[in-house]
Amino acid sequence: MLVLGIESSCDETSAAVVAHGWTLLGHVIASQSEIHAPYGGVVPELASRRHVELILPVIEEAMRQAGVTPAALSGIAVTNRPGLIGSLLVGVTAAKAMALAHDLPLVGIHHLEGHLFSNWLERPDRPGGAVTPAVALVASGGHTELYLIRDLHDYVILGRRRDDAAGEAFDKGARLLGLAGGGAALDQLARSGDPTAVAFPRTRTDPPLDFSFSGVKTALLRLTQRSDPPGTPADIAAGYQHAIVEAMVERSILALELTGVATLLVCGGVAANTRLRARLAEECERIGATPLFPPGPLCTDNAGMIAAAGASRLQRGERHGLELETFARSPLTTECLCLSVPTAAGPAR
Ligand code: KG4
Ligand code: ZN
């Protein structure tokens, strides 16, 4: 089964050809970050115009790398929600045109479902891919959520963000520390710092699996405003990163313990963070769980993950017609499981 995946929900134009659901034969990710850099954020109109220029060459290159023609494809999967509406429309329109021209099945994919599938791509250690049930930590510039994946395509929310997403907290922290390059630059600086030299607050949430990073962000702002900041910039970066990472580690481990699930998937841009990977690996080992991280390039937006999710849905016989719509906002699921920590007073709800 050969599936073409197309992703254009934000500022990456990407196409991929995946075989058997999990093997990447061709993959092109064209980043637009340079175009948006002068504005300090993605400019939607510029993004969609660039997608229009790139979409066909990117698809052609992915098909060329894979050495396949459209006639050899079993179907096309495209991100149709959520994202920048003008950007989504470019990918979806290209996908519809190809599906119509070559008489191929088409399926629309939720962007976050794609991120969840990024963990199952290119894993020679796991032929056949998906392992469920699993707990998933999705941490990106726009998301910090914990999901229970009960079965393939069956998701329940366990915890969600109350304010900033983890990636946003990393980006704002990097800016306050005068670093260009967002979370990755903060991660790099923190490597030479002592995470215990400068203490940052940890926020408790109710329900306990929800996330809040506004307190730690405010603490960093106050520190950077002081004339005599404690510790070196590397110590401050390490302490700040430690607070964000431990909040994610604590909740992920608690989610595994409360659900009794033994596999943790970590995905989204923040899954590239070296400290998060190391700490989750340690803590999962302690409780006998297995953490899975996507390879570095598959943490950020890519079409490989969309093709993988699409292959699984196409295999189940799912099809969308040419009326497939795009949505700027769309939850992966609305089903929520509110878990609480068991206390001496009674069992967990
Ligand atoms: O998933 P993603 O590429 O885009 C979306 O937000 O959808 O995630 C980007 C986020 C940014 O906030 C970036 O600062 C963060 O991921 N990020 C990191 C690292 N690499 C990327 N955060 C912490 N440590 C990193 N190494
Ligand atoms: Zn994304």
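Hydrogens, waters and symmetry mates play no part in the numbers below; they use all other heavy atoms, side chains included. Fair warning: this is a prediction, and the values are worked out from it, not measured in the lab. Just follow the structure's listing: the first ligand is 1, and inside any ligand the first atom is 1.
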| task | Please confirm if an N, O or S atom belonging to His115, backbone or side chain, lies less than 2.8 Å from the Zn ion (ligand 2). | result |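 Here the distance criterion (N, O or S atom, under 2.8 Å) is met by His115, so yes.
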
### Query
Within less than 2.8 Å of the Zn ion (ligand 2), any N, O or S from Cys10?
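It does not; every qualifying atom lies at 2.8 Å or beyond.
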
Identify the protein heavy atom lying closest to [atom], giving its residue, its atom name and the separation to 0.1 Å.
atom: atom 9 (C) of ligand 1; answer: Gly141 N, 3.8 Å
atom: atom 20 (N) of ligand 1; answer: Gly269 O, 3.5 Å
atom: atom 26 (N) of ligand 1; answer: Asp187 OD2, 2.9 Å
atom: atom 19 (C) of ligand 1; answer: Ala184 N, 3.6 Å
atom: atom 24 (N) of ligand 1; answer: Asn273 ND2, 3.0 Å
atom: atom 12 (O) of ligand 1; answer: Asp171 OD2, 2.7 Å

Provide the number and element of each atom of ligand 1 under 4.0 Å from a heavy atom of [X].
X: Gly167; result: 12 (O)
X: Gly142; result: 6 (O)
X: Gly183; result: 14 (O), 18 (C), 19 (C), 22 (N), 23 (C), 24 (N), 25 (C)

So that I can tick it off, tell me whether [Y] and [X] are bridged by a salt bridge, with the cut-off set at under 4.0 angstrom between side-chain N and carboxylate O.
X: Asp187; Y: Arg191; value: yes
X: Arg81; Y: Glu113; value: no
X: Arg160; Y: Asp210; value: no
X: Lys217; Y: Glu168; value: no

Any side-chain donor near an acceptor of the partner, [X] and [Y], under 3.5 Å:
X: Glu250; Y: Ser252; value: no
X: Gln241; Y: Asn273; value: yes
X: Asp301; Y: His111; value: yes

Next item on the list: Please work out which of Thr300, Thr274, Asn302 has its closest non-hydrogen atom nearest to atom 3 (O) of ligand 1.
Entry: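 Considering heavy atoms of Thr300, Thr274, Asn302, the nearest to atom 3 (O) of ligand 1 sits in Thr300.
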
Report task. Indicate if Val341 and Leu146 have the same hydrophobic cluster label, given that clusters are the connected sets of ILVMFWY residues with side-chain heavy-atom separations under 4.5 angstrom. Result ->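 Yes.
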
Subject >> Contact check, Cys10 vs ligand 1, heavy-atom distance below 4.0 Å >> reply: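 The answer is no, since Cys10 has no heavy atom less than 4.0 Å from ligand 1.
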
